[in-house]
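To start, the structure itself, in C-alpha cells.
Position 1 is the first residue of the sequence; numbering continues from there. The model shown is predicted, which means the values in this text are computed figures rather than measured ones.
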Amino acid sequence: MHWIAPTEKDSATVTLEKRLWEAADQFRANSGLTAAQYSGPILGLIFLRFAEVRFTAKRSKLSAVGVSSRRGNRVDEPAAYHAEGILYLSPEARFDYLLGLPEAADIGAKINAAMRDIEKHNSQLAGVLPKTFNLFTSTLLKELLKKVSEIPATVDYDAFGRIYEYFLGEFARTEGQKGGEFYTPSSIVRLLTAVIEPFHGRILDPACGSGGMFVQSARFVAEHQKNPAAELAICGVEKTDETGRLCRLNLAVHGLEGDIRHGGNVNSYYDDPHVATGQFDFVLANPPFNVNAVDKERLKDAVGPGRRFPFGLPRTDNANYLWIQLFYSALNAKGRAGFVMANSASDARSTELEIRQKLIEARAVDVMIAVGPNMFYTVVLPCTLWFFDKSKAKSKRAGTVLFIDARHIFRQIDRAHRDWTPSQIGFIANLVRLYRGETPDFAIGGRGTEAKLTEIFGAKPSYADVLGLCKAASIAEIEAQGWSLNPGRYVGVAPGEDVSNEDFKEQFEALNEELVSLNSQARELEQSIAANASAILEA
C-alpha cells in the first residue's frame with residue numbers, strides 16, 4: 001500500500017520553532033562552540049522560559065486566594081507549587097529577571113546561579129540543569145534571552161513541549177551519529193505508544209536517551225483526557241550521564257517526574273537498577289543496534305526461566321537478542337512492549353533463530369511493523385517495530401502474529417528525511433486495534449484516520465488481510481518461513497505495485513545476512529571437524 005502524505009504548511013508554532021532555531025544556529029556560529037557544548041545551555045533557557053510561564057500562572061492563583069485563606073498567602077512556599085507538579089522559582093532564578101539584566105552584568109554567572117537555585121528548591125532536578133553559561137559572552141546571552149522571550153506566555157503547555165522536542169530533534173540532526181544516541185523521531189515514538197496504549201501503570205525504558213518515550217506516553221494519556229502524572233510511574237536507565245540529565249530535564253519540561261538511573265557505570269546489559277523482571281506494565285525502547293563485545297560471562301547468572309535472559313544467550317557477538325529478551329522479561333503477565341530493532345534481527349539465524357522461535361511459541365509476539373528508510377536522522381536504513389503482549393497467549397489471537405508493511409506510508413519532510421502524519425499514525429494504530437477486536441480510536445489522526453480506515457476496511461471497519469499492507473499469519477505459517485518475523489515475507493505485494501529499489505535492498509540485505517550466518521556456521525563446523533580429526537589421530 002502506498003500513502004505518501006503531502007508536506008503540511010507552516011503553522012504559527014512551526015514558524016516560531018524555525019525562527020528560534022535560526023537564532024540558535026547564529027548563536028553557535030558566533031560562539032565557535034560545538035553542538036554538544038551549546039545545546040545544553042539553549043535547552044536550559046527554553047526550559048526556564050517554560051517553567052516561568054507555569055510558575056507565574058500558579059503564583060497569580062495563589063495571590064488571588066491568599067487574602068481570604070486562613071493559611072495566609074502561600075505565594076512564596078515551594079510546597080504550594082510542588083503539589084501541582086510546578087517548579088518553584090525564587091526572584092533571581094526567573095527568566096524575566098535574567099532578561100532584564102544589563103550587558104555590563106556577568107550574565108553567564110547570573111544564569112549559572114539561577115540554575116543552582118532552581119535545583120536547591122526543586123530536589124527532582126538536583127545535578128540536572130546546565131551551568132556552563134560562563135562559556136558565552138554577556139552580549140551573546142542577552143541576544144539569546146531576547147530570542148527565547150519571543151515564545152509567548154500564552155503558548156499552551158503542549159506547544160512548549162513541542163518546541164523543546166523540536167530543538168532536541170534539530171540537535172540530534174546536527175550532531176549526527178551521537179545525536180541518534182539520545183533522540184528517536186517523535187512520529188516513530190508516537191506510533192509505538194499508540195499501539196501499546198499505556199493508559200495506566202509502570203513504564204520502563206532501559207535505553208531511555210532524552211526521554212522521548214516517556215513524553216509521548218504522557219501525551220497519549222493526556223489525549224485520552226487523563227492526568228499523565230497520576231497515571232504513569234516512569235523508570236529509565238541511561239548509560240551516558242549527560243543524556244540522563246537531558247532526560248530528567250525533558251520530563252520536567254513536560255511536568256513529569258521519573259526514576260531515571262544514569263551515568264557512573266550503569267549499563268542495562270549487566271545492571272538491573274529497577275529490579276525489572278516481571279514488574280512492568282509497559283516497556284518502550286529504541287536500543288543501540290548490533291552492539292558487539294558484550295561480556296557474556298557477566299550475564300550467565302541471569303539466564304533461565306524467570307530471569308532477565310529466559311531463552312538463553314546468543315552465540316553471535318551481537319546484542320540485539322539480549323535487548324529483545326530484556327524487554328520481554330521486564331513485562332508482567334499482562335504487559336506490553338514496543339521497540340525499534342534492526343531489520344536483520346527479524347531473520348537472524350543460528351542461536352538467534354532459536355531464541356526467536358521460543359518467543360513466538362510463548363505467544364508473546366503480537367505485531368511486527370516494517371518501517372521504510374530515512375525515518376531517523378542518523379541512519380538511512382529501514383528498521384522494524386516489534387510489539388509484545390504477554391496477555392495475548394490467553395486471547396483469540398494467540399495463534400497468530402500481525403504483520404504490517406508501512407514502508408510506503410510516510411510524509412516526505414525534505415529530500416533526506418521522512419516522518420508520519422497524525423492521520424497515518426492513527427491509521428496504523430487502528431489497524432492493530434481492528435486485529436485485536438477493539439473499536440477504532442480517533443484521538444490520534446481524527447477524520448483523516450477515519451477516512452483512510454473506511455476506505456481500506458469498509459464503512460463498519462473490521463480486520464481483514466490486505467495484500468501489500470497487512471497479514472495475520474498463523475504460527476504454522478511462521479514456522480514454514482523458518483520462524484522469520486520479516487513482514488515482507490507475509491504481506492506480499494499488491495496488484496499493480498512493483499518491487500521497489502528499497503524492497504530489493506532489504507531482500508538483498510536479508511540474503512546477505514543469511515550468507516554471513518551460513519559462512520560462520522561453516523567455519524565452526526570446519527574447526528570442529530579439524531579438532532575431532534586431530535583427536536582421532538592422536539589417540
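Both tests do not hold together for Arg336 against Phe282: distance to the six-membered ring centre under 6.0 Å, angle to the ring axis within 45°.
Taken from CG in Leu48 to CG in Leu43, the straight-line distance is 12.5 Å, to the nearest 0.5 Å. One distance of note links CD1 of Ile86 with CZ of Phe55; it measures 9.5 Å at 0.5 Å rounding. The line from CG of Asn112 to OG1 of Thr132 is 7.0 Å long, rounded to the nearest 0.5 Å. Atom CG in Leu89 sits 7.5 Å away from atom OG1 in Thr56 (nearest 0.5 Å). Rounding to the nearest 0.5 Å gives a distance of 5.0 Å between CG of Asp259 and SG of Cys235. Phe427 contributes atom CZ, which lies 14.5 Å from atom CD1 of Ile444 (distance to the nearest 0.5 angstrom).
At distances below 3.5 Å, at least one donor-acceptor pair connects side-chain atoms of Lys142 with backbone N or O atoms of Leu99. Side-chain N or O atoms of Lys390 include one that pairs as donor or acceptor with a backbone N or O of Leu331 at under 3.5 Å. Side-chain N or O atoms of Arg49 include one that pairs as donor or acceptor with a backbone N or O of Ile151 at under 3.5 Å. Formation of a donor-acceptor pair under 3.5 Å by the Thr240 side chain with backbone atoms of Thr243 is not found in this model. Counting only distance, with no hydrogens or angles, the side chain of Glu52 and the backbone of Asp96 share a donor-acceptor pair below 3.5 Å. A donor-acceptor pair under 3.5 Å is absent between the side-chain atoms of Ser391 and the main chain of Lys334, judged by distance alone.
Side-chain atoms of Lys120 and Met115, non-hydrogen and from C-beta on, never get closer than 4.5 Å to each other. At a threshold of 4.5 Å between non-hydrogen side-chain atoms, the residues Ile428 and Ile404 count as touching. Looking at heavy atoms from C-beta onward, Asp117 lies out of side-chain contact with Glu92 at the 4.5 angstrom threshold. For the pair Val195 and Leu191, the minimum side-chain heavy-atom distance is below 4.5 Å. Annotation: side chain of Cys208 is in contact with side chain of Phe214 (closest heavy-atom distance under 4.5 Å). With contacts defined as side-chain heavy-atom distances shorter than 4.5 Å, the pair His121/Tyr81 does not qualify. At least one side-chain heavy atom of Ile111 sits less than 4.5 Å from a side-chain heavy atom of Ile107. Side-chain contact between Cys383 and Val371: present, with at least one pair of heavy atoms (C-beta onward) separated by less than 4.5 Å.
One finds no salt bridge joining Arg447 and Glu450 here, because no Lys/Arg side-chain nitrogen approaches an Asp/Glu carboxylate oxygen to under 4.0 Å. A salt bridge is absent between Asp106 and Lys110: the closest approach of a Lys/Arg side-chain nitrogen to an acidic carboxylate oxygen does not fall below 4.0 angstrom. Using a 4.0 Å cut-off between charged nitrogen and carboxylate oxygen, Asp281 and Arg202 do not count as a salt-bridge pair. The pair Lys131-Glu119 meets the salt-bridge criterion, since a charged nitrogen lies less than 4.0 angstrom from a carboxylate oxygen. Between Asp76 and Arg59, at least one side-chain nitrogen of the basic residue sits less than 4.0 Å from a carboxylate oxygen of the acidic one, meeting the salt-bridge criterion. The pair Asp271-Arg261 fails the salt-bridge criterion, with no side-chain N (NZ, NE, NH1 or NH2) lying under 4.0 Å from an Asp/Glu carboxylate O.
Between Phe410 and Trp3, the distance from one ring center to the other does not fall under 6.0 angstrom. Residues Phe199 and His224 place their aromatic rings such that the two centres sit under 6.0 Å apart. Annotation: Phe388 is in aromatic contact with Phe339 [ring centroid separation under 6.0 Å].
Between His262 and the options Arg248, Lys239, Arg245, Glu242, a side chain to side chain donor-acceptor pair (under 3.5 Å) holds for only Arg248. For the salt bridge (charged side-chain N to carboxylate O under 4.0 Å, His left out) test with Glu84, the passing option among Lys58, Lys61, Arg54 is Lys58; the others fail.
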Kindly determine whether Trp323 and Tyr269 satisfy ring-ring contact (aromatic ring centres under 6.0 Å, His included), including the steps that lead there. CA-CA 8 Å; Trp323 284 115; Tyr269 301 127; 5.0 Å; yes
Evaluate the side chain to side chain contact (heavy atoms under 4.5 Å, CB included) criterion for residues Val148 and Lys146: first the C-alpha distance (whole Å), next the side-chain angles of each, then the deciding distance (0.1 Å), finally the verdict. CA-CA 6 Å; Val148 174; Lys146 287 178 181 177; over 6 Å; no
Could you walk me through whether Thr139 and Glu103 pass the side chain to side chain donor-acceptor pair (under 3.5 Å) test, one step at a time? CA-CA 6 Å; Thr139 302; Glu103 277 190 33; 3.1 Å; yes
Show, in sequence, the C-alpha distance, side-chain angles and deciding distance for Asn286 and Thr184, and conclude whether the side chain to side chain donor-acceptor pair (under 3.5 Å) test is met. CA-CA 7 Å; Asn286 175 22; Thr184 305; 2.9 Å; yes
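Pairing each heavy atom of Gln216 with each of Ser186, the nearest pair is NE2-CB, 3.5 Å. Of all heavy-atom pairs between Ala293 and Asp317, the closest is N-OD1, 2.8 Å. Closest approach of Leu87 and Ala51 over heavy atoms only: CD1-CB, 4.2 Å. Closest non-hydrogen pair, Pro130 versus Gly44, comes out as CG-CA, 3.9 Å. Here the shortest heavy-atom pairing between His82 and Asn122 reads NE2-OD1, 2.8 Å. When every heavy atom of Ser217 is checked against every heavy atom of Thr193, the shortest pair comes out as OG-CG2, 3.6 Å.
Of the N and O atoms on the side chains of Asn318 and Asn290, at least one donor lies less than 3.5 Å from an acceptor on the other residue. For the residue pair Asn430 and Asp441, no side-chain donor N or O sits within less than 3.5 Å of a side-chain acceptor on the partner. Residues Asn343 and Thr384 bring a donor and an acceptor atom of their side chains to less than 3.5 Å of each other.
Atom CG of Asn265 sits in a sparse spot, with 12 or fewer heavy atoms from other residues, nucleotides or ligands closer than 6.0 Å.
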